[in-house]
Asks: 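Structure provided below as structure tokens; questions to follow.
Per chain, numbering begins at 1; letters A, B, ... match sequence-line order. Only heavy atoms go into these numbers, but all of them, side chains included; no hydrogens, no water, no symmetry mates. Remember, it's a predicted structure, so these values are computed and weren't measured experimentally.
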Amino acid sequence: MSMVLNDEQRMLQAAARDFFTTRLPVGALRRLRDTQDADGFDRAAWREMADLGWAGVLVPEAHGGSDFGYAGLGQILEEGGRTLAASPLVATALIAAPLLARAGTAAQQDRLLGPLAAGERLFALALDEGPRHAPAQTALRATGVDGAWVLNGVKRFVLDGHVADEIIVVARTAGSPGSTDGLSLLLVPANAPGLVRTRVSLVDSRNVADLEFRDVRVEPPALIGAPHTGYALLEPVLDGACAGLAAEMLGSAQEAFDRTLDYLKLRQQFGVAIGSFQALKHRAAQMLCELELTRSAVLAALVALDARRDDAALLASLAKAKACDTAELVSNEAVQMHGGIGMTDAADIGLFLKRARVAQQSFGDAGFHRARYARLKGF
Amino acid sequence: MTTEDEFRADTRAWLEAQCPLSMRTPMPEDERVWGGRHASFRHPDSRVWFERMVGRGWTVPTWPREYGGGGLSAAEAIVLKEEMQRLGCRTPLFGFGISMLGPVLLKYGSPAQKAEHLPKIARGEIRWCQGYSEPGAGSDLASLQTKCEDRGDHWLVNGQKVWTSYAHLADWIFCLVRTDTGAKHGGISFLLFDMASAGVEARPIKLISGASAFCETFFTNVRVPKDQLVGRLNDGWTIAKELLQHERGMISEIGRAIGATVPSVDVVAQRYLGDVDGRIVDPVLRDAVARHVMDDHAFQLTLRRAAEESEAGAASGGLSSMFKYYGTEQNKRKFELILKCAGHAALGWEGAGFDESELLACRTWLRSKGNSIEGGTSEIQLNVIAKRVLGLPD
Ligand SMILES: Cc1cc2nc3c(=O)[nH]c(=O)nc-3n(C[C@H](O)[C@H](O)[C@H](O)COP(=O)(O)OP(=O)(O)OC[C@H]3O[C@@H](n4cnc5c(N)ncnc54)[C@H](O)[C@@H]3O)c2cc1C
């Protein structure tokens, strides 16, 4: 197992840092928020990202992707996390692409992967139905009627739900809520009759929507994989989502920490830099330790996913749990160590706090992943 | 196969053939081999295993062959360590000579000093102790006062050290002494001498764990040959600091090695809290255990990443302080968690009513408290990280 980046990954990292700092700095998110942008992301920037091959990082070359793998995408996500960049990277490139590439039918792949990699088609995964991540609780029903599927139910806090062209819906086709058995994955076009999408404004100013399905009808080719076995197809993709999101969170936490460190050296009180106070020094050093541990867990998870190793699930939960705890610690300390300035909307540091909390909830918080890790470990 | 794969295969085969099965079990602390003039091998197979590893130079895998080492690259040494871990092989020889003195002697020792001392360390013939701390010089180590005077054909040493681990069992000491009272850091020298010299006295001190692992050490007119000063006169602080880095690395590992004789936290939790379908019943402790095991996992990955980065020439400084801090605090948390899970069963002091592992857990819990004090306290490590890694002002 390699825990150092290879040349290709280092180049991606450098290119991503350059892109995000110049093209999508923190100010870009602020502008989207303040202008109440209808999309919640910059379409022109997304096209540029697609041109760099980033939409199709997890799409095989045969389908027009760049196939840099999870470790490559992790570098891009981490750099995007540093500037809090809003983009379809997570929903489309990190989640939909591997799901379609692994589980989609040949027809679905031919139809969708090319446009996905070109950045022309956006996707959303409609999974959770309540305020907390709980795949087993899926209640939205898809019923077979005259050879078609008819969907009824609601999905909440769907990432990119309001801008996606295609929604991948996790629907219950058998069994009852409480079990991950009996779930199926269905591709629903965003303009399907009976589908109502309502954008929801979360504290991080990023993009989520609530979706309501009222007798939404799709034909059998909409099914991804075999019926009732959706969760088995989805789980490794969710592991990838966790590892990738953890990379983004690591980037945000690292940036919040670096900015705080600069402030500790700059701000003077009692005639000295506040960074000379031991109470703050020690807390800064402890944050560094947590950041380093998180970095190792994230990298190990990304590498394991690329190699499709047996411990990839374990490492993905490790990465997400560490990233959640570290993001919480660092974002809180960052505000505190900035003093009054940290409470102002004009300072960026609060934006890192806001994004951290939302990302913590996406695809399971630290407690969720500790319980999962314990189960996988057999205790 | 790459050369690394080949090396791994050869190493595995050799270990499988040469490591006695009894040496592939967790090692009670009293079965450790420390070597020295009074070396003892409490477990008979430990001598066999020790001699085979000495023969291979694998008591000190990365040292040059001419000094009794194995001549391995850092990457090969990691492979060796991994393969030993895989089989559960015991560390064949412990000692401050291996983990602390050797690395700095390799760098700062004269050719004669290296030729004299390194092979004896590698072969476990001489056991060393560390004379750093004094009653008035703990965290502020550079305020040490043990006096060392130039008496023409020899050095004359007078003073007192304290917390000198295993001084009563050691053959030689590496010692920080004051050779100039006019400069704090710049008046310290690094001296080696025989504990059997006239005027050396070591008095064991009892620890909260009941063991007597360290001593007050007194020097009264100790005569030391002139060629036993390492590096330049008054330049000992450079060596002292570098040695501390090696010590910190060792302490985070030693805690782990001691910990290894106690079952892992999740196993303890299942045993004392009970489980349903393998799941620890108490949800609060289950979460705490998971957190602990996961932090351990992430820490191991970080050690590994650091090793790979330094192999690739991209090492970041200050890491030994981070590992020392985190590893020792983590080890303390481990034992606190074991106490929480096992309740009174892990609080037995001696005698009937407890099994071996329970008594060991209690003693090791107490000993673990020292991990974050010895080799520079946790607070000092955080100071070092803040200054050296984060660049925060004094
Ligand atoms: C088990 C064990 C084995 C040891 N073995 C050896 C050995 O073999 N050889 C040897 O030379 N020494 C040895 N030591 C000594 C050890 O190195 C010292 O105990 C240690 O450096 C701390 O010094 P002190 O005990 O004087 O504590 P002090 O320095 O008095 O510290 C007391 C408290 O004050 C805190 N403190 C001190 N300065 C600062 C600061 N600047 N900022 C914040 N907090 C501070 C400390 O962190 C600690 O919590 C051993 C100690 C132990 C516990």
Asks: Taking all non-hydrogen atoms of both residues, which atom of B:Met322 and which atom of A:Cys289 are closest, and how far apart?
Replies: CG-SG, 3.3 Å
Asks: Answer yes or no: are there more than 12 heavy-atom neighbours, outside A:Ile341 itself, under 6.0 Å from its atom CD1?
Replies: no
Asks: Identify which one of B:Val267, B:Val265, B:Val293 satisfies the side chain to side chain contact (heavy atoms under 4.5 Å, CB included) criterion when paired with A:Phe379.
Replies: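 So the option named by the test is B:Val293.
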Asks: Tell me the closest heavy-atom pair linking B:Val389 and A:Leu288, and the distance in Å.
Replies: CG1-CD2, 3.7 Å
Asks: Can you name the nearest heavy-atom pair linking A:Ala285 to B:Leu382, along with the distance?
Replies: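 Reported closest heavy-atom pair: CB-CD2, 3.6 Å.
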Asks: Check whether A:Leu314 gets within reach of chain B through its side chain, its backbone, both or neither, counting any heavy atom under 4.5 Å.
Replies: side chain
Asks: Is A:Leu299 close to chain B through its backbone or its side chain, or both, or neither, when contacts mean heavy atoms under 4.5 Å?
Replies: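 Interface part for A:Leu299: side chain.
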Asks: Return yes when atom NZ of B:Lys241 has more than 12 non-hydrogen atoms of other residues, nucleotides or ligands closer than 6.0 Å, and no otherwise.
Replies: no
Asks: Check the surroundings of atom CD in A:Gln336: do more than 12 heavy atoms from other residues, nucleotides or ligands lie under 6.0 Å from it?
Replies: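 For A:Gln336, atom CD is not crowded (no more than 12 foreign heavy atoms under 6.0 Å).
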Asks: Which bit of A:Gln278 is near chain B, if near means a heavy-atom gap under 4.5 Å: side chain, backbone, both or neither?
Replies: side chain
Asks: Counting only heavy atoms from other residues, nucleotides and ligands, does the tally under 6.0 Å from CG of A:Asp310 exceed 12?
Replies: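 No, not enclosed.
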Asks: Tell me which of these, B:Pro393, B:Ala386, B:Gly278, B:Ala290, has more heavy-atom pairs under 4.5 Å with chain A than the rest.
Replies: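 Top option by heavy-atom pairs under 4.5 Å: B:Pro393.
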Asks: Please rank B:Ser378, B:Ala269, B:Gly391 by heavy-atom pairs under 4.5 Å with chain A and give me the top one.
Replies: B:Gly391
Asks: Supply the atom-to-atom distance B:Thr302 OG1 to A:Met3 CE, rounded to the nearest 0.5 angstrom.
Replies: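 Result: 6.5 Å between the selected atoms.
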Asks: Can you establish whether the number of heavy atoms outside B:Lys387 located under 6.0 Å from its atom NZ is more than 12?
Replies: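 No.
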Asks: Below 4.5 Å from any heavy atom of chain B, which atoms of A:Arg283 appear? Answer side chain, backbone, both or neither.
Replies: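 For A:Arg283, there is no contact with chain B at all, as no heavy atom is under 4.5 Å.
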Asks: Show the nearest heavy-atom pair for residues B:Leu301 and A:Ala297, with the distance to one decimal.
Replies: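 Residues B:Leu301 and A:Ala297, closest heavy atoms: CD1-CA, 4.1 Å.
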Asks: Which region of B:Glu379, side chain (C-beta onward) or backbone (N, CA, C, O), has a non-hydrogen atom less than 4.5 Å from a non-hydrogen atom of chain A, or is it both or neither?
Replies: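 Looking at B:Glu379, backbone and side chain both touch chain A.
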Asks: So which of B:His297, B:Gln270, B:Arg291, B:Arg305 has the biggest tally of heavy-atom pairs under 4.5 Å with chain A?
Replies: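 The answer is B:Arg305.
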Asks: If I take atom NE2 from residue B:His292 and atom CZ from residue A:Arg370, how far apart are they, to the nearest 0.5 angstrom?
Replies: 13.5 Å
Asks: Which value, rounded to the nearest 0.5 Å, describes the distance between A:Glu292 atom CD and B:Phe323 atom CZ?
Replies: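 That separation rounds to 8.0 Å.
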Asks: For residues 239-254 of chain A, which residue pairs pass the salt bridge (charged side-chain N to carboxylate O under 4.0 Å, His left out) check, not counting sequence neighbours?
Replies: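 Checked against salt bridge (charged side-chain N to carboxylate O under 4.0 Å, His left out) - neighbours excluded - the pairs reaching residues 239-254 of chain A are A:Arg206-A:Glu248, A:Asp239-A:Arg372, A:Glu248-A:Arg355.
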Asks: Please give me the minimum heavy-atom distance between B:Asp287 and A:Gly367, naming the atom from each residue.
Replies: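 Closest approach of B:Asp287 to A:Gly367: OD1-CA, 4.5 Å.
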Asks: Check whether any side-chain N or O of A:Lys281 sits under 3.5 Å from a backbone N or O of B:Ile385 as a donor-acceptor pair, and report yes or no.
Replies: no
Asks: Closest approach of B:Leu392 and A:Ala284, non-hydrogen atoms and distance?
Replies: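 Taking every non-hydrogen atom into account, CD1-CB, 4.1 Å.
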Asks: Look at atom CZ of A:Arg132 and say whether more than 12 heavy atoms of other residues, nucleotides or ligands are closer to it than 6.0 Å.
Replies: no
Asks: Heavy-atom distances under 4.5 Å only: say whether A:Lys322 touches chain B with side chain, backbone, both or neither.
Replies: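 For A:Lys322, the side chain is the part near chain B, not the backbone.
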Asks: By the salt bridge (charged side-chain N to carboxylate O under 4.0 Å, His left out) test, which pairs, at least two apart or in different chains, include something from residues 273-286 of chain B?
Replies: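 Listed by first then second residue: nothing to list.
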